[in-house]
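Everything on this sheet refers to the single structure shown next.
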Amino acid sequence: MPRVADVNSPSVPTASWGRRVLALLVDWALCTLVVIVAFGLDDYTEPGSTASFLVLPVYVAESALLTWLAGGSAGKLLTGLCVVPADGRLRRLNPLKALLRQVMVALVIPPLVFRADGRGLHDILAGTSTVTFATLRTLVK
């Protein structure tokens, strides 16, 4: 199993918050489109419609599933970011940890509570770190 350098090390840069927010916006837009395609624009825009409330669970499911299978949500991958295990062992994330991580992101507060190394509470609890593809290439030995 390939190893990566210790992503907890201060010398390993985590992805910028600007890129992470951009990835979140891309994910949200894609999940909104999925809901609109599934339920129709009229139902989505109708006041009190349940369709508009489905974007959040679709986002959690999409981002957890793709983080587990591909190392990042569609938005992260499209913006050149990936989620790696913080223990330095390059492998697929545990699906429950990927789900926990995304539920924490959906709660909003955990990503706003972060350490000096840029890892948010959601990353700390899931044992992950969000890095750029360029950083990942330098970490792989």
Side-chain angles (χ1 to χ4, degrees), residues 1-41 43-141:
M1 195 172 297
R3 289 192 58 81
V4 296
D6 181 8
V7 294
N8 290 311
S9 166
S11 64
V12 176
T14 57
S16 71
W17 285 102
R19 245 164 116 174
R20 293 181 201 203
V21 169
L22 178 61
L24 176 65
L25 293 174
V26 169
D27 279 325
W28 198 262
L30 291 173
C31 292
T32 300
L33 286 174
V34 166
V35 170
I36 290 171
V37 167
F39 292 92
L41 184 60
D43 192 22
Y44 176 77
T45 57
E46 186 176 318
S49 167
T50 58
S52 61
F53 291 104
L54 291 176
V55 176
L56 182 60
V58 168
Y59 163 75
V60 170
E62 174 267 336
S63 56
L65 184 66
L66 287 178
T67 297
W68 170 49
L69 294 174
S73 66
K76 275 193 176 39
L77 297 174
L78 288 170
T79 57
L81 302 177
C82 61
V83 179
V84 296
D87 65 6
R89 293 175 42 215
L90 191 56
R91 66 188 185 293
R92 185 175 288 167
L93 297 176
N94 175 312
L96 293 177
K97 284 189 175 185
L99 179 60
L100 168 70
R101 182 183 187 282
Q102 294 316 127
V103 168
M104 297 294 288
V105 169
L107 293 175
V108 178
I109 300 299
L112 298 177
V113 178
F114 56 93
R115 299 187 327 187
D117 65 0
R119 291 178 63 219
L121 185 58
H122 62 295
D123 275 327
I124 295 164
L125 290 175
T128 59
S129 186
T130 302
V131 298
T132 63
F133 288 164
T135 299
L136 179 63
R137 280 192 293 275
T138 65
L139 296 174
V140 177
K141 292 183 180 179

Applying side-chain contact (heavy atoms from CB on, under 4.5 Å) to Leu99 and Val60, what does each step give before you reach the verdict?
CA-CA 7 Å; Leu99 179 60; Val60 170; 4.0 Å; yes
Could you grab the distance from atom OG1 of Thr128 to atom NE2 of His122, nearest 0.5 Å is fine?
6.5 Å
With sequence neighbours excluded, what pairs up with Ser16 under the side-chain hydrogen bond (donor to acceptor under 3.5 Å, both in side chains) test?
none
Suppose we screen for salt bridge (Lys or Arg N to Asp or Glu O under 4.0 Å). Which residues come up paired with Asp27, at least two apart in sequence or across chains?
none
List the residues meeting side-chain contact (heavy atoms from CB on, under 4.5 Å) with Val21, not counting sequence neighbours, and say none if there are none.
Leu25
From CA spacing to verdict: side-chain hydrogen bond (donor to acceptor under 3.5 Å, both in side chains), Thr135, Thr138
CA-CA 5 Å; Thr135 299; Thr138 65; 5.2 Å; no
Answer yes if the side chains of Ser49 and Ser52 hold a donor-acceptor pair under 3.5 Å, and no otherwise.
no
So which heavy atom on Leu66 is nearest to which on Ser73, and how close?
CB-CA, 4.0 Å
Quick one: list whatever passes side-chain hydrogen bond (donor to acceptor under 3.5 Å, both in side chains) with Asn94, sequence neighbours left out.
none
For Leu65, enumerate each residue passing the side-chain contact (heavy atoms from CB on, under 4.5 Å) test, keeping only those at least two apart in sequence or located in another chain.
Trp68, Leu69
For residues 93-107, which residue pairs qualify under salt bridge (charged side-chain N to carboxylate O under 4.0 Å, His left out), counting only residues two or more places apart or in two chains?
Arg101-Asp123
Distance col, row Leu136:CG vs Thr130:OG1, nearest 0.5 angstrom, shows 11.5 Å
Residues that Val34 engages under side-chain contact (heavy atoms from CB on, under 4.5 Å), provided they are two or more places apart:
Val58
Using modelled atom types only, decide if a donor and an acceptor are shared between the side chain of Thr45 and the backbone of Leu41 within a distance under 3.5 Å.
yes
For Val55, which residues count as a side-chain contact (heavy atoms from CB on, under 4.5 Å) partner, sequence neighbours excluded?
Trp28, Cys31, Thr32, Val35, Tyr44
Per the salt bridge (charged side-chain N to carboxylate O under 4.0 Å, His left out) rule, what does the pair list look like for residues 64-73, sequence neighbours excluded?
none
Distance-only donor-acceptor hits, side chain of residues 74-85, under 3.5 Å, sequence neighbours excluded:
{"unit_1": "Thr79", "atom_1": "OG1", "unit_2": "Gly75", "atom_2": "O", "d": "2.8"}
{"unit_1": "Thr79", "atom_1": "OG1", "unit_2": "Lys76", "atom_2": "O", "d": "3.2"}

Give every residue pair that meets the side chain to side chain donor-acceptor pair (under 3.5 Å) criterion with at least one member in residues 53-66, sequence neighbours excluded.
Tyr59-Gln102, Ser63-Gln102
Closest non-hydrogen contact found for Ala86 with Arg119 is CB-NH2, 3.7 Å
